[in-house]
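Read through the structure below, which is laid out as structure tokens, and then see the notes.
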Amino acid sequence: MAGPKNKRFFRASARFPHISMPSAKVIASQLDLTLISFMAFPLVVMTVFLIAPLASTLKEAFFYHGELSLQWFRTLFQSKEYVNLQGTGEFYYIHRPRLAPETMATLVIRGKDYGIILNSLIVATSVTLAATTLGLIIAFVLARYEFPGKRLFRILAVVPMLVTPFINAYVVKKLFLEDGLVSWLLHDVLHILPWRLRIEGYAGVALAQTMTYFPIAYLNIYSSLINIDPSMEEQAENLGARGFRLFRTVTLPLAMPGIAAGATLIFIFSLEDLGAPIVFRGSAERLISYKIYNEFINMTGQLSAEVAALAVLLLFIAATGFIVIRRYVSLKSYAMISRGGRWKPRVSRPGIKGLLVIYLVILPLIVFTALPQFGVIATAFSKEWRGPLPSIIDPKYWDGLRPEGATLEYMIKVFKDPSVNVYVINSLKYSLAALVIIVLVALTASYAVSRARLPGLSIIDTLITLPIAMPGLAVAVSYVFFFSSVFRGTLLDPTDLAKFNPAALLIIAYAIRKLPFTARAVFAGLQQTHVALEEAAMNLGSGRLRTIGTIVLPLIALNILSGAMVSFIYCVTEVSVSITVGGIKHEYAPLTFYMKNAYLAEVQAIPVTAALGVLLIIIQLTVITLVTLGFKQKYAVVGV
Amino acid sequence: MESRITDKDVTLVIITRHDVTIQNYVKQMFLESEVAKRLGIKDIKFLQVGPGLWAYYISRSDIDIAWGGGPTIFDEILRLGYVAPLTSPAVLYEAQKIPDEISGVPMKRFDENGNLMWIAAAISSFGFTVNHAKLAEWGLPMPQKWRDLASIELASTLPTPAVGIADPTKSTSNTRMYEIILQAYGWEEGWKVLTIMSANSRIYDASDAVRLGVINGEIAVGITIDFYGYTAMQLNPDCEYIIPNGESIINGDPIALLTKSRHPEHAQAFIAWVLSEFGGQQIWLKEDVNRMPANPRVFDTEEGAKRPDLKERFEKTLDLASIPFNDTEALLWERAMQEYFSAVLVQAHSELQQAWTKIVDLYYSGQLTDDQLQYYISRLGEPLTFVDPSTGQTVKFTREYAISINEKLKTDPTFYNAIKSAWRDAAIARFNEILQELGG
């Protein structure tokens, strides 16, 4: 392995591959069968399973009676169901039952309804702003201040990253019912609110998403902040900038790449999220994601062209958000000398006032955002949850030291009941199969990009990172159009309900969607491995394939393994494709589909869904521990 | 493939609307039964799909049995020629134990040659489940009739809805309840009741979600099939299932043999087991199932004696005064009703509820008289007049019109999409117009 000094050098050269672009002769001499196939394989996979499906959706959306047309989009924008500038309903109101004046009034916050398209934009924008602001504040405090308990803060702040589909949004909904914990605290205990409180509808969706996605902003901004060259701020201070002015004019602009990366992802994740809209259904159906999902539920044969148009719109909004935020950043990007180095970070000890703010404002905020995950665990081990607290922690249920409200019934069911664990097994099978594709594509693509110095290779790089910014629902819709036309009447055809088996489509969709996590880890590994080691082997007569097998693979094995494990987690917890395409045939459905169905359909099944959430948490914690402590690798932070 | 009773290692495929709880009991109990072992039936595969997909699945795969989901869906697959007559002596023997009619509602369907085509394996009634705590909290009267769900009293909590209903395109039980309402009050009046009921409601996308809403106290009343109500009562003692006075009907919940069955003999043995008081009928008695058996003799078995509560409810259900319900009539316009309901009262629900909330506000603040209230109810609920996308003519959604487009909705996707958009847009326009008139 190259020493630390060399490592930095190679990173820099990889970032600027155009610096020494080789001549045609050198290119030709480099190309061998292995390298060509390493370039071709990811290109073919991504073209067939990502680009072609998207193209078939575009065709569906932009053709009307055989002619190129914007008719389907016109239909969308002309209907008040999709766009309604006046809005219906009230953003909030005080609910006083007219026939029961003695009943305590409730403040209901639900958000106005501006039609499907505008609602999605408003929710995604609000979530992006709120989550990014929250992430920025917490990242700044944690990056710049040293105080007792900081480690705990850092752990708590990433708890919301533990994915527990549906059930975490359910906990948020529970917390904000009129007899829920928040209303009870603010109204009954602290008497801050003169009414009880309920948050539902689009406001509920935005709240649940903000709590779930803020760590994406926090992690990205945190890593930006600790990478800021301290000399930049020191110079500003020498020139007289202090306090908020220093933050606004120097620190914030320098942290912009992290802020933008986080914000972009949050915007896209919010736009395509189905967990919160499904949980808040009954008051928040008019969202693009829910509309597309709903069309899948009612699917009899082919999806309508209107859905294709909607998926294209979703893709367009996500891409626009992506480009706008990225463009804004590149305009605002500032060069730093010796960026990425390890220096003594600017960390200070806060005064008494600062400590008060940290413990009385920041800590409650972080704890609050972690509540859904704790709520999921509590629900899984509680006999019931009526009123503010689940029975396992409700003092009313305690008999001395015995928690009468606790139960292991649901956890046992997850492991023992075949009608539940068949879905766990399905998901594990699909995810492991997807991993095979992921590792092959990630390895070949990263190797080609980092070792072949050819013009135009960045297209491979773009193709394999693209899926991270691609709404899963757009992939789901595309797969229906693509596979039903190219593989008509086979078991890959989702519109042939009798023959269809979703396994193959799920495996491919998981592989494509979750590829970037492994690709990034492998690429990082290759960058850290000195190419001279391979050159030496090849000079001594070893072929490229053999060199890769004997030199490269052993050196980057840990990178591959840790990247694959992270991809694996995201496969198992995948929602968009799993509950749409994956739900067409129930018996082959994956875990997240079962969680959705159980949550929606069976009254007694909510704690079982929570128990599955606990299972997912356990899997995720295991992977994180292995990757960071066992393999000493950096856990792939979600970032663009 | 020709079936032989001697076939071993048989897997029966059943298309069903029954939930996983029931499916698991069936697998557990049937596969361990004598008859399953003797006939070599080693597994049962359930295909649980939405009502709209039944015909599609049955036409394309070799399914042995259809079970559960109410008579309408069975009459539909019968009409399409997918149902085979029940002929085995065992089935006919068990069938004798089940009355031909209960309260005037057929429990068996025969074809013109007198063949038994489907038979009820369970019965159910329809009504609403109330949450007494929530009714008290909101000061709401206890609803007794379907019409009460569309009352101005139940509207008094708006904009927080007190009632819960489900989209009929996703729920066969809710479909049946809307059909009962349309037949009990007549087409025009029925749609007014449905419209205001919907305006009073939170709309869920499945009937079980409605039940969950009542149990959690999100709503005070939800329309449910009886066994959902009984389960709700077990999970939350504040809940009670109410059968609307003189306005309910009993449904037989059928089981049938399908023409494409590869093992008709084995399938009929299964059906006989389901109908027997010593076999499948005992599943209805389970604490987490709570359904009314079609074969009353199950209450005389050892297991049956343990559920006197269920027996009492069963007898009460049989004593119901019910409305004369016409299955054939319902089938004529069922699809049109479902889609119209879903476009006008579900997709345009936001606008409907906003206009209705405005009316309710004005009424309770004394700015609308009772007559004016009735006038606006009529305007909101009268079946829509709109432009038919296939003819370009302006038409009203009358019963006759609904019948005339019922089949076309199933076979012509372009027409289906176009008319649903037309309904939705006309509905939004109407609700917004009323709102503006009232100064909203």
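Because only heavy atoms are used, hydrogens play no part in the values below, and waters and symmetry mates are left out as well, while side chains stay in. Letters go in sequence order (proteins before strands), and every chain restarts at 1. Just so it is clear, the model here is predicted, and its values are computed rather than measured.
Looking only at side-chain heavy atoms (C-beta outward), A/Lys596 and A/Thr609 stay at 4.5 Å or farther from each other. Counting only heavy atoms from C-beta outward, the side chains of B/Thr231 and B/Val289 never approach each other to under 4.5 Å. A/Arg198 is not listed as a side-chain neighbour of A/Ile109, based on a closest heavy-atom distance of 4.5 Å or more.
Heavy atoms closer than 4.5 Å to chain A are found in the side chain of B/Glu218, but not in its backbone. With a threshold of 4.5 angstrom between heavy atoms, B/Glu137 approaches chain A through its backbone and through its side chain. Neither the backbone nor the side chain of B/Ala429 comes within contact range of chain A; no heavy atom of the residue lies under 4.5 Å from a heavy atom of that chain. For B/Asp62, no part lies under 4.5 angstrom from a heavy atom of chain A. For a residue to count as touching a neighbouring chain, one of its non-hydrogen atoms must lie under 4.5 Å from one of that chain's; by this rule B/Leu47 touches chain A with the side chain only. At a 4.5 Å heavy-atom cutoff, the contact between B/Asn432 and chain A is made by side-chain atoms alone. At a 4.5 Å heavy-atom cutoff, the contact between B/Lys45 and chain A is made by side-chain atoms alone. Looking at B/Ile428, only its side chain comes within 4.5 Å of chain A, counting heavy atoms on both sides. Using a 4.5 Å cut-off between heavy atoms, A/Asn84 contacts chain B through its side chain alone, with no backbone atom that close. A/Lys112 does not touch chain B: none of its heavy atoms, backbone or side chain, sits under 4.5 Å away. Looking at A/Glu178, the atoms closer than 4.5 Å to chain B (heavy atoms on both sides) all sit in the side chain, from C-beta outward. Residue A/Glu285 touches chain B through its side chain alone, counting heavy-atom pairs closer than 4.5 Å.
The ring pair (Phe, Tyr, Trp, His ring centres under 6.0 Å) with A/Trp72 is formed by just one residue from the set A/Tyr64, A/Phe63, A/Phe77; it is A/Tyr64.
No donor-acceptor contact under 3.5 angstrom links the side chains of B/Ser342 and B/Thr169, judged on distance only. Looking at B/Asn174 and B/Ser207, their side chains never bring a donor and an acceptor atom within 3.5 Å of each other.
Ranked by heavy-atom pairs shorter than 4.5 Å toward chain A, the options B/Gln23, B/Gln354, B/Glu153 are led by B/Gln354. Heavy-atom pairs under 4.5 Å with chain B were tallied for A/Glu200, A/Glu306, A/Glu384; the largest tally goes to A/Glu200. No other option in B/Thr157, B/Thr160, B/Asp425 has as many heavy-atom pairs under 4.5 Å with chain A as B/Thr160. Counting heavy-atom pairs closer than 4.5 Å to chain A, the top residue among B/Tyr204, B/Tyr364, B/Phe46 is B/Tyr364.
Using cut-offs of 30° and 60° on the angle between ring planes, the pair A/Tyr594 and A/Tyr423 is parallel.
The 12-atom threshold is exceeded at NZ of B/Lys260, counting heavy atoms of other residues, nucleotides or ligands nearer than 6.0 Å. Heavy atoms of other residues, nucleotides or ligands lying less than 6.0 angstrom from CD of A/Glu67 number 12 at most.
Taking the six-membered ring for Trp and the full ring otherwise, the centers of B/Tyr230 and B/Phe227 sit at least 6.0 Å from each other.
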